[in-house]
Amino acid sequence: RLELKYGAQYTGKRTDAAMNKWRSNRFGQFIHWGLYAIPGGVWNGKTYNYAAEFLKSSAHISTATWDSLMYKFNPKKFNAKEWAKMAKKMGVKYMTITTKHHEGFCLWPSRYTDFNISNTPYKKDILKEIVDAYNAEGIDVNFYYSVLDWHNPDWRYDIKSKEDSIAFRRYLDFAENQLKELATNYPTVKAFWFDGTWDASVKKNGWWTLEVEKMLKSVRPGVIINSRLRADDYGSRHKDSNGELMGDYESGYERRLPDPVKDIKVTSWDWEACMTIPENQWGYHQDWSISHVKSPLELLEMLVHATSMGGNFLLNFGPKGDGSIRSEEQNIAKTIGDWMAVNGQVIYNCDYAGLKKQDWGYFTREKGSNQLNMVIFNVPVSGLLHVDVPKGMILKKAHFLTTPGQQIKVEEIAKNQYLLHMPIKLYTSPQVIVVECDNGKENANKYQDAKT
Ligand SMILES: Cc1ccc([C@@H]2N[C@@H](C)[C@@H](O)[C@H]2O)cc1
């Protein structure tokens with residue numbers, strides 16, 4: 001093991017109330033909203049297929065031109081309460097919003113830069129309106145903050161000279177001041193989601209990433225920090241040079257999920273996957289015909305997949321420049337929300353159940369419960385749902401979550417193997433079966449292993 005000054009500060013999962021709430025939330029709404037939402041991926045009549053929040057670079061727009069978009073930011077259709085109501089109906093328990101993305105524009109009236117909401121025609125503290133509206137709906141609010149900042153002249157991608165290190169040190173002070181401002185002025189913030197930390201300049205300043213984590217936790221005790229902020233003494237990110245996870249949860253899954261077999265080890269730490277609805281658009285893009293747009297059921301399966309592996313799922317919305325939410329996103333919120341209203345108990349406060357992944361879908365289990373949840377996406381033509389149980393686990397009764405009176409046949413077919421007999425019919429939404437189980441029982445060894 002290497003002696004590290006800026007490595008992981010603890011090992012294992014945090015079990016304090018704030019982290020237990022973060023974990024039990026499971027389902028969150030990501031919101032990417034900034035000046036990039038105004039052009040929405042189109043510049044001088046040309047559509048750029050790359051991520052809309054990168055239009056400044058994909059369309060080679062000068063900083064002066066891009067920054068002048070600030071004078072056009074005046075979301076006439078913005079209504080924080082409507083956003084929060086839609087999120088509530090979708091069934092999210094938390095929301096993470098871009099306070100400042102790579103463009104450097106701040107949604108809050110920061111006293112450390114004029115490139116902020118107070119100098120737009122909108123003027124008001126839009127971040128406060130959003131935080132208050134979501135909190136009023138009982139939804140926790142987390143802040144995304146990009147360390148990478150295209151606007152601030154002190155930003156550096158690498159440190160190649162004395163001037164670079166002097167300028168970048170000014171930048172790090174600026175960023176730390178902004179973060180302290182956010183943690184102080186928005187006291188209900190529950191977590192910070194850092195992005196834009198992959199460049200050499202940040203990797204060479206691992207000390208700063210630990211200083212920021214400590215500062216935020218002293219200003220806002222219990223606050224949760226993602227691993228993506230952190231670099232250690234040797235520039236190792238997310239996990240330190242001893243392989244220990246830094247920050248409070250792993251945030252390496254972006255537009256992808258851990259494999260239920262190959263990546264099963266993620267079940268031993270906290271993690272979150274963030275996901276776009278199109279193939280790769282975080283900010284609003286006018287033309288979603290340029291890539292696959294995930295259906296509500298595809299996204300719902302990802303949410304269940306994440307819960308089944310003990311992780312959170314953060315689904316991204318990109319509001320338009322005028323503050324309205326596009327119809328595809330409204331539809332997804334409604335469809336997922338309708339399912340969550342009936343089946344949310346197999347997501348909220350649920351975790352990895354400890355069983356082997358099966359083709360028909362996913363297992364989840366509520367902490368300390370003797371009830372096993374089975375969420376079925378792929379109904380077998382036989383109607384027979386195969387279950388392999390760990391040694392000592394016995395399956396007893398089962399029923400569809402929505403029809404507790406109607407038993408589903410549970411048949412033990414071999415040592416630690418069961419079949420559940422699912423009625424064969426057309427199902428048009430993911431089905432949930434709850435199974436009463438006993439642990440720590442010795443199975444009657446009535447099954448003979450073959451000799452080979
Ligand atoms: C190469 C690359 C850089 C930054 C990103 C940002 N991280 C996501 C969470 C979004 O904020 C995206 O703009 C994505 C890809």
Side-chain angles (χ1 to χ4, degrees), residues 13-15 19-30 87 90-96 139-140 142 191 224 226 248-275 294-316 332-333 335-378 385 387 390 400-402 429-435 437:
K13 293 182 182 180
R14 266 177 57 175
T15 54
M19 195 72 200
N20 290 343
K21 175 66 167 65
W22 180 91
R23 188 178 301 117
S24 72
N25 284 346
R26 285 297 179 230
F27 186 25
Q29 178 190 36
F30 214 165
M90 176 161 66
V92 297
K93 295 287 185 189
Y94 70 102
M95 183 277 286
T96 300
I139 298 171
D140 292 338
N142 304 334
I224 291 153
N226 68 332
D248 299 308
Y249 69 93
E250 192 201 350
S251 59
Y253 290 99
E254 180 168 318
R255 295 191 296 119
R256 65 190 179 96
L257 288 166
D259 180 275
V261 176
K262 292 200 288 285
D263 300 320
I264 197 65
K265 59 192 179 314
V266 300
T267 55
S268 58
W269 57 79
D270 285 309
W271 61 275
E272 176 195 68
C274 57
M275 189 58 65
K294 300 175 191 78
S295 68
L297 283 178
E298 282 178 88
L299 296 163
L300 179 54
E301 178 162 0
M302 293 179 186
L303 167 61
V304 176
H305 179 149
T307 302
S308 78
M309 296 186 76
N312 284 10
F313 186 65
L314 186 61
L315 177 57
N316 184 71
I332 281 163
T335 308
I336 292 179
D338 288 347
W339 190 87
M340 288 297 283
V342 174
N343 304 287
Q345 71 181 67
V346 305
I347 301 294
Y348 305 130
N349 200 29
C350 286
D351 208 322
Y352 170 57
L355 280 81
K356 180 171 166 280
K357 174 78 175 63
Q358 300 290 343
D359 291 344
W360 44 259
Y362 307 86
F363 294 105
T364 75
R365 177 187 284 181
E366 183 159 0
K367 259 172 83 83
S369 162
N370 70 350
Q371 183 171 298
L372 181 66
N373 303 314
M374 296 168 58
V375 190
I376 299 118
F377 287 85
N378 314 310
L385 304 171
V387 180
F400 283 112
L401 177 63
T402 49
S429 76
Q431 298 298 300
V432 174
I433 292 175
V434 291
V435 192
C437 52

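Remember, it's a predicted structure, so these values are computed and weren't measured experimentally.
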| remark: Shortest non-hydrogen pair, R256 vs A273, comes out as O-CB, 3.8 Å
| query | Can you tell me how far the CG atom of L401 sits from the CE atom of M374, to the nearest 0.5 Å? | reply | 13.0 Å
| field | Distance in Å, E298 CD paired with F377 CZ, rounded so as to fall on 0.5 Å steps | value | 11.5 Å
| Side chains of I376 and L385: does their closest heavy-atom pair fall under 4.5 Å? | yes
| Would C437 and R365 satisfy side-chain contact (heavy atoms from CB on, under 4.5 Å), going step by step from the backbone distance to the final call? | CA-CA 11 Å; C437 52; R365 177 187 284 181; 3.7 Å; yes
| field | R14 versus N20, closest heavy-atom pair with distance | value | O-OD1, 4.1 Å
| field | Sidechain-backbone polar pair: Q431 side chain, S429 backbone, donor-acceptor under 3.5 Å | value | yes
| query | What is the distance from atom OG1 of T364 to atom CG of N373, rounded to the nearest 0.5 Å? | reply | 3.5 Å
| message | Taking the side chain as everything from C-beta on, heavy atoms only, tell me whether Q358 gets closer than 4.5 Å to P260. | response | no
| said: If only side-chain N and O atoms count, and only distance matters, is there a donor-acceptor pair under 3.5 Å linking Q29 with Y94? | reply: no
| request: Side-chain contact test, heavy atoms from C-beta onward, threshold under 4.5 Å: evaluate it for P430 versus V304 and give yes or no. | output: no
| said: Can you tell me how far apart CE (M309) and NZ (K265) are? Round to the nearest 0.5 Å. | reply: 8.5 Å
| task | Quick one: closest heavy-atom pair of A306 and F313, and the distance? | result | CB-CB, 4.0 Å
| field | Gap between atom CH2 of W22 and atom CD of E272 - 0.5 Å precision | value | 5.5 Å
| request: Would you mind reporting whether C274 and F30 have side-chain heavy atoms less than 4.5 Å apart? | output: yes
| query | Minimum heavy-atom separation for L299 to K294, with atom names? | reply | CD2-CD, 3.6 Å
| query | Does K93 make a cation-pi contact with F27 (under 6.0 Å, within 45 degrees of the axis)? | reply | no
| Side-chain heavy-atom pair D248, M19 within 4.5 angstrom cut-off | yes
| request: Look at atom NZ of K262 and say whether more than 12 heavy atoms of other residues, nucleotides or ligands are closer to it than 6.0 Å. | output: no
| query | K357 and G361: which non-hydrogen atoms are nearest, and at how many Å? | reply | NZ-O, 3.0 Å
| request: Decide yes or no for E301 and Y362: does some side-chain heavy atom of the first lie under 4.5 Å from some side-chain heavy atom of the second? | output: yes
| message | For T96, is there any backbone N or O sitting under 3.5 Å from a side-chain donor or acceptor partner on N142? | response | no
| Say you draw a straight line from CG of D338 to CE of M90; how long is it, rounded to the nearest 0.5 Å? | 12.5 Å
| said: The test is side-chain contact (heavy atoms from CB on, under 4.5 Å); show your working for Q371 and V435 and say whether it passes. | reply: CA-CA 6 Å; Q371 183 171 298; V435 192; over 6 Å; no
| message | For a 4.5 angstrom cut-off between non-hydrogen side-chain atoms, does L315 reach I336? | response | yes
| Does the side chain of D140 come under 3.5 Å of the side chain of N25 through a donor N or O and an acceptor N or O? | yes
| field | Centroid separation W271 to Y253 less than 6.0 Å | value | yes
| side-chain contact (heavy atoms from CB on, under 4.5 Å) between W339 and V432: does it pass, once the steps are laid out? | CA-CA 10 Å; W339 190 87; V432 174; 3.7 Å; yes
| How far apart are the C-alpha atoms of T307 and F363, what are their side-chain angles, what is the distance that settles it, and do they pass the side-chain contact (heavy atoms from CB on, under 4.5 Å) test? | CA-CA 9 Å; T307 302; F363 294 105; over 6 Å; no
Residues 347-356 side chain polar contacts: donor-acceptor under 3.5 Å, at least two apart:
unit_1 : atom_1 : unit_2 : atom_2 : d
Y348   : OH     : G91    : O      : 2.5
N349   : ND2    : E366   : OE2    : 3.3
K356   : NZ     : D388   : OD2    : 3.4

| task | Return yes if some donor-acceptor pair links the side-chain N/O of W269 with the main-chain N/O of K13 below 3.5 Å, else return no. | result | no
| Which pair of heavy atoms, one from I139 and one from V92, lies closest together, and at what distance? | CG1-O, 3.9 Å
